[in-house]
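Positions are given from 1, in the same order as the sequence printed here.
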Amino acid sequence: MNKHQRVKKNKDFQKVFKHGKSFANRQFVIYSLRMEGQEEFRLGISVSKKVGNAVTRNRIKRYVRQAVLELKDDLRPDRDYIIIARNQAASIDFHETKKSLLHIMRIARVLRKK
């Protein structure tokens, strides 16, 4: 994903946390905030040190990024998303990660209607 597709600044993270809606399942929490006039969605990923060591955290982030990349055509483009990994995310593989993210995105209603 390109730099302009990422939420990087703490100010932007805090804005999504404060004003966005949150949805959760066992592995992930997703915050979604509608941004006026935005052509592409932006994604922020947060994995706490409580989840595991650096190798584990980076693997989770890679899995989440790849899953979102595969789902990008179905995501609404006018939003900022923050995905927070929970402890259970450390013990699942890529396919389960993608399945879990798809589940939570359906609950959050951030997928486009086909």
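When all heavy atoms are compared, the tightest approach of V47 to A85 is CG2-CB, 3.9 Å. In plain terms, the two heavy atoms of F13 and G44 that are nearest each other are CZ-CA, 3.9 Å. Residue A67 comes nearest to F94 through the heavy atom pair N-CE1, 3.7 Å, listed as atom of the first residue, atom of the second, then distance. Minimum heavy-atom separation, A90 to T56: CB-CG2, 3.7 Å. Heavy atoms only, all atoms of each residue included: R76 and L111 are closest at NE-O, 4.3 Å. When all heavy atoms of A24 and V29 are compared, the closest pair comes out as CB-CG2, 3.9 Å.
Note: I92 CD1 to R26 CZ = 12.0 Å, rounded to the nearest 0.5 Å. Here the straight-line distance linking atom CG of L69 with atom CD of Q5 works out to 8.0 Å at 0.5 Å rounding. Rounded to the nearest 0.5 Å, atoms CD (Q14) and NE2 (H19) are 10.5 Å apart. To the nearest 0.5 Å, atom OG1 of residue T97 and atom CZ of residue R59 are 8.0 Å apart.
Y63 and I84 are members of different hydrophobic clusters when ILVMFWY side chains are connected at heavy-atom separations under 4.5 Å. Under the 4.5 Å side-chain contact rule for hydrophobic residues, V110 and I45 share a cluster.
Counting heavy atoms from C-beta outward, L71 and K98 have side chains that approach closer than 4.5 Å. Counting only heavy atoms from C-beta outward, the side chains of Q27 and V64 never approach each other to under 4.5 Å. Contact annotation: the side chain of L102 never approaches that of D74 to less than 4.5 Å [non-hydrogen atoms, C-beta and beyond]. A 4.5 Å side-chain heavy-atom check between V68 and I83 finds at least one atom pair inside the cut-off. Under the 4.5 Å side-chain criterion, counting only non-hydrogen atoms from C-beta, K72 is in contact with F41. Counting only heavy atoms from C-beta outward, the side chains of N25 and I107 never approach each other to under 4.5 Å. Considering only heavy atoms from C-beta on, I30 stays 4.5 Å or farther from I82 through its side chain.
Under the 3.5 Å distance criterion, the side-chain polar atoms of E39 are left unmatched by any main-chain donor or acceptor of P77.
Among residue pairs with one or both ends in residues 81-95, none qualify as side chain to side chain donor-acceptor pair (under 3.5 Å); sequence neighbours excluded.
Between D80 and K15 there is no salt bridge, since no side-chain nitrogen of the basic residue lies less than 4.0 Å from a carboxylate oxygen of the acidic one. Under a 4.0 Å N-O distance rule, the pair R42/E40 does not qualify as a salt bridge.
Considering only residues two or more places apart in sequence or on other chains, F17 meets the ring pair (Phe, Tyr, Trp, His ring centres under 6.0 Å) condition with Y31.
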